[in-house]
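Structure record follows, encoded as structure tokens.
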Amino acid sequence: MDDKLNEILESWEAGRNVLLYGPPATGKTRLISELFHLLNTPKTSHKGILLDPDNLEAPFSRPPLKLTIPLPVKVVWTTFHQSYGYEDFVLGLRPEITDQGTHLQPWAGVFLDAALELSDESSEYKSVVIFIDEINRGNAARIFGEFMTFLDFDYRNDGRVPLPLPLRQLRFKDGISEKINRFGAEDFQIPLNFTFPKHVYIVATMNSVDRAAVPIDSALARRFDRIEMRPNLDVLAQYWGVNKTVITTNLENNWENLTPFETSYLLLDRLNVAIASDLGPEFELGHGLLTSIRPITISEDGSSQPVEENDAWQMLATLWDEVVFPQLEDRYSGRPEQLLDLLRVDTAPTSGKYAWELRSSLSKNVEVRTLAPVRLNCLAVDVIKRSFQWLTR
């Protein structure tokens with residue numbers, strides 16, 4: 001993860017916002033959550049290895065990443081969704097009842113509030129970072145509105161061509177705006193020709209698979225540096241203690257001897273190669289989907305022990321039924337023959353029961369080319385083993 005964090009910090013230093021994109025379960029939200037906590041407890045350091053001779057259990061450690069934005073930093077987390085709008089992110093007008101009647105009171109959204117924070121002389125913060133999870137789950141172009149311009153650092157204060165905020169919803173008198181309400185802060189008034197401050201940074205995540213999401217506007221997308229988050233088998237190899245060099249040696253002849261963890265490792269690799277070839281790499285399965293297959297169990301007394309092999313096979317079967325196969329069905333919707341090929345239905349093992357088979361028909365005159373329904377976690381362990389091991393060879 002450190003290399004991705006470095007890429008984010010380098011983009012901010014260059015005056016660019018960041019968009020992490022990729023399939024689900026590739027660590028996008030986890031990465032920005034780690035960065036969120038890092039900025040909440042900022043420490044500056046150069047890269048390298050630290051030695052603490054007094055720490056006998058872990059004498060060597062990595063120092064924190066060097067922060068390249070002004071400190072201290074205020075961090076804000078938000079998630080876009082279908083009901084999220086311009087009023088939440090930039091500026092909203094809400095009815096307020098007073099002795100003089102009802103009027104519309106301006107409230108600063110997340111993005112405008114960040115600008116007001118850095119323009120407040122009493123603020124302790126020198127920069128603001130806005131974390132946006134699932135940026136394509138809302139209509140991002142509508143949410144940013146005309147403030148899309150200020151994603152470009154050239155149009156901010158200290159930029160090449162600073163532009164005034166186009167807040168026509170506000171009433172101005174004697175060169176100063178009416179009061180703008182802020183959540184958890186004092187009301188604020190801005191002068192005419194107020195320019196957006198420089199040190200407001202954004203890092204966002206985007207799911208590359210979700211067909212229900214609104215595509216990101218190209219004018220918005222080009223204002224972000226894109227960092228691709230791909231499925232990472234090395235994460236699983238380390239998590240399970242799998243020697244990836246050994247399991248790929250003579251795989252064709254030793255497939256019946258694969259452990260559940262080796263099988264899971266190879267299974268994700270084979271599925272993703274097939275998916276990338278058929279549909280494109282953006283539809284691959286993320287490695288995070290398989291982390292529920294645990295290598296150890298924790299007893300009530302806090303002690304740990306390796307998971308029994310049969311239990312691990314059952315974990316894989318349950319994960320397949322509840323998570324993996326539904327996603328495969330979604331990806332291969334309208335492509336039944338490709339799904340049958342992926343599961344090797346027509347080339348099943350010559351001996352022993354195989355989990356995936358064609359559905360049978362009572363009529364001999366009807367050719368059926370669809371999968372028979374099956375719950376793998378209801379099958380015997382030897383069938384689960386044979387099926388997954390054969391699928392990975």
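Only a predicted model underlies this, so the values are computations on that prediction, with no experimental measurement involved. These numbers come from the heavy atoms of this one structure, side chains and all, not from hydrogens, waters or symmetry mates.
- For an aromatic pair to be called close, the ring centres must be under 6.0 Å apart, and Phe196 with Tyr155 fails this.
- Between Phe325 and Trp320, the angle of the ring planes stays under 30°, which puts this pair in the parallel group of the 30/60° scheme.
- Here the shortest heavy-atom pairing between Glu284 and Ala276 reads OE2-CB, 3.5 Å.
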Exercise for the section: List the steps, then state whether side-chain hydrogen bond (donor to acceptor under 3.5 Å, both in side chains) holds for Arg331 with Gln327. Expected result: CA-CA 6 Å; Arg331 284 160 171 75; Gln327 294 206 26; 3.0 Å; yes
Exercise for the section: Apply salt bridge (Lys or Arg N to Asp or Glu O under 4.0 Å) to Lys244 and Asp234, showing your working. Expected result: CA-CA 8 Å; Lys244 58 184 181 180; Asp234 290 341; 2.4 Å; yes
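- One distance of note links CH2 of Trp313 with CD of Gln389; it measures 4.0 Å at 0.5 Å rounding.
- Without hydrogens or angle criteria, Arg386 side chain to Gly352 main chain gives no donor-acceptor distance under 3.5 Å.
- How far CG of Leu342 is from CD of Glu337: 12.5 Å, rounded to the nearest 0.5 Å.
- Side-chain atoms of Thr205 never come within 3.5 Å of backbone atoms of Lys28 as a donor-acceptor pair (strictly under, hydrogens ignored).
- Listed for the Ser123 side chain is no donor-acceptor partner under 3.5 Å among the backbone atoms of Asp120.
- For the pair Glu124 and Pro72, the tightest heavy-atom approach, listed with the atom from each and the gap, is O-CG, 3.1 Å.
- Trp107 places none of its side-chain heavy atoms less than 4.5 Å from the side chain of Ile180.
- Both Leu5 and Trp77 are assigned to one and the same hydrophobic cluster, defined by single-linkage of ILVMFWY side chains at heavy-atom distances under 4.5 Å.
- In this structure, Arg226 satisfies the cation-pi test against Tyr21, with its NZ or CZ atom closer than 6.0 Å to the six-membered ring centre and inside 45 degrees of the ring normal.
- With contacts defined as side-chain heavy-atom distances shorter than 4.5 Å, the pair Ile143/Tyr86 does not qualify.
- Between the CZ atom of Arg344 and the OG1 atom of Thr392 there is a distance of 7.5 Å, given to the nearest 0.5 Å.
- Of all non-hydrogen atoms in Trp356 and Leu371, the two that sit nearest each other are CB-CD2, 4.2 Å.
- A salt bridge links Glu34 with Arg30: at least one charged nitrogen is closer than 4.0 Å to a carboxylate oxygen.
- For an aromatic pair to be called close, the ring centres must be under 6.0 Å apart, and Trp240 with Tyr265 fails this.
- Judged by distance alone, with hydrogens and angles left aside, the side-chain atoms of Gln189 form a donor-acceptor pair with the main-chain N or O of Ser177 at under 3.5 Å.
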Exercise for the section: Would you check, one step at a time, whether the test side-chain contact (heavy atoms from CB on, under 4.5 Å) holds for Ser119 with Phe188? Expected result: CA-CA 9 Å; Ser119 302; Phe188 199 88; 4.0 Å; yes
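- Side chains of Ser11 and Asp225: a donor-acceptor N/O pair is present below 3.5 angstrom, by distance only.
- You'll find the ring centres of Phe111 and Phe150 outside the 6.0 Å limit.
- Contact detail for Leu163 and Thr195: the closest heavy-atom pair is O-CG2, 3.6 Å.
- Among all heavy-atom pairs drawn from Leu379 and Gln314, the shortest one is O-NE2, 4.1 Å.
- When side chains are defined from C-beta on, His81 does not count as touching Glu134, because their heavy atoms never get closer than 4.5 Å.
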Handout entry: Trace of the side-chain hydrogen bond (donor to acceptor under 3.5 Å, both in side chains) decision for Tyr332 with Asp278
Key = CA-CA 9 Å; Tyr332 283 93; Asp278 294 339; 2.9 Å; yes
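- At a threshold of 4.5 Å between side-chain heavy atoms, the hydrophobic network of Ile, Leu, Val, Met, Phe, Trp and Tyr places Met315 and Val383 in one connected group.
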Exercise for the section: Could you give me the CA-CA distance, side-chain angles and deciding distance for Leu268 and His287, then say whether side-chain contact (heavy atoms from CB on, under 4.5 Å) is met? Expected result: CA-CA 8 Å; Leu268 183 65; His287 54 270; 4.1 Å; yes
Exercise for the section: With side-chain contact (heavy atoms from CB on, under 4.5 Å) as the test, would you mind laying out the steps for Phe144 and Thr149 before giving the verdict? Expected result: CA-CA 9 Å; Phe144 278 91; Thr149 300; over 6 Å; no
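- With hydrogens and angles left out, the side-chain atoms of Thr78 and Tyr84 include a donor and acceptor closer than 3.5 Å.
- For the atom pair OG of Ser264 and CG of Leu290, the computed distance is 5.5 Å after rounding to the nearest 0.5 Å.
- Side chains of Arg369 and Leu358 form a contact here, defined as non-hydrogen atoms less than 4.5 Å apart.
- The CD1 atom of Ile8 sits 8.0 Å away from the CD1 atom of Ile32 when rounded to the nearest 0.5 Å.
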Problem - side-chain contact (heavy atoms from CB on, under 4.5 Å) between Phe80 and Asn136, worked out - result: CA-CA 7 Å; Phe80 282 8; Asn136 58 331; over 6 Å; no
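- In this structure, Leu91 and Pro106 have side chains that are in contact, with non-hydrogen atoms separated by less than 4.5 Å.
- Shortest non-hydrogen contact noted between Ile298 and Ser304 is CD1-CB, 3.6 Å.
- Between Lys353 and Asp382, none of the side-chain N atoms (NZ, or NE/NH1/NH2) sits under 4.0 Å from a carboxylate O, so this pair counts as no salt bridge.
- How far CG of Asn232 is from OG1 of Thr26: 10.0 Å, rounded to the nearest 0.5 Å.
- Under a cut-off of 6.0 angstrom, the local environment of CD in Gln238 is sparse, with at most 12 non-hydrogen atoms contributed by other residues, nucleotides or ligands.
- You'll find the side chain of His103 reaches within 4.5 Å of the side chain of Gln105, heavy atoms only.
- Looking at Asn181, its side chain never comes within 3.5 Å of a backbone N or O of Asp187 through a donor-acceptor pair.
- One hydrophobic cluster, built from ILVMFWY side chains closer than 4.5 Å, cannot hold both Val235 and Phe261; they sit in different ones.
- Between Phe147 and Leu165 there is a side-chain heavy-atom pair separated by less than 4.5 Å.
- The side-chain heavy atoms of Val203 and Ile132, taken from C-beta on, include no pair separated by under 4.5 Å.
- Annotation for Arg294: atom CZ does not count as buried by contact number, only 12 or fewer foreign heavy atoms lying within 6.0 Å.
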Problem - Working for salt bridge (Lys or Arg N to Asp or Glu O under 4.0 Å), residues Asp158 and Lys198 - result: CA-CA 7 Å; Asp158 297 332; Lys198 178 180 179 181; 5.8 Å; no
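- Annotation for Glu87: atom CD counts as buried by contact number, over 12 foreign heavy atoms lying within 6.0 Å.
- Residues passing the side-chain contact (heavy atoms from CB on, under 4.5 Å) test with Val128 are Lys74, Val76, Ala114, Glu117, Leu118, Ile130, sequence neighbours excluded.
- Placement of Ile176 and Leu192 in two distinct hydrophobic clusters is found when ILVMFWY residues are connected by side-chain heavy-atom separations under 4.5 Å, directly or transitively.
- Clustering ILVMFWY residues whenever any of their side-chain heavy atoms sit less than 4.5 angstrom apart, transitively, puts Ile296 in a cluster other than the one holding Ile293.
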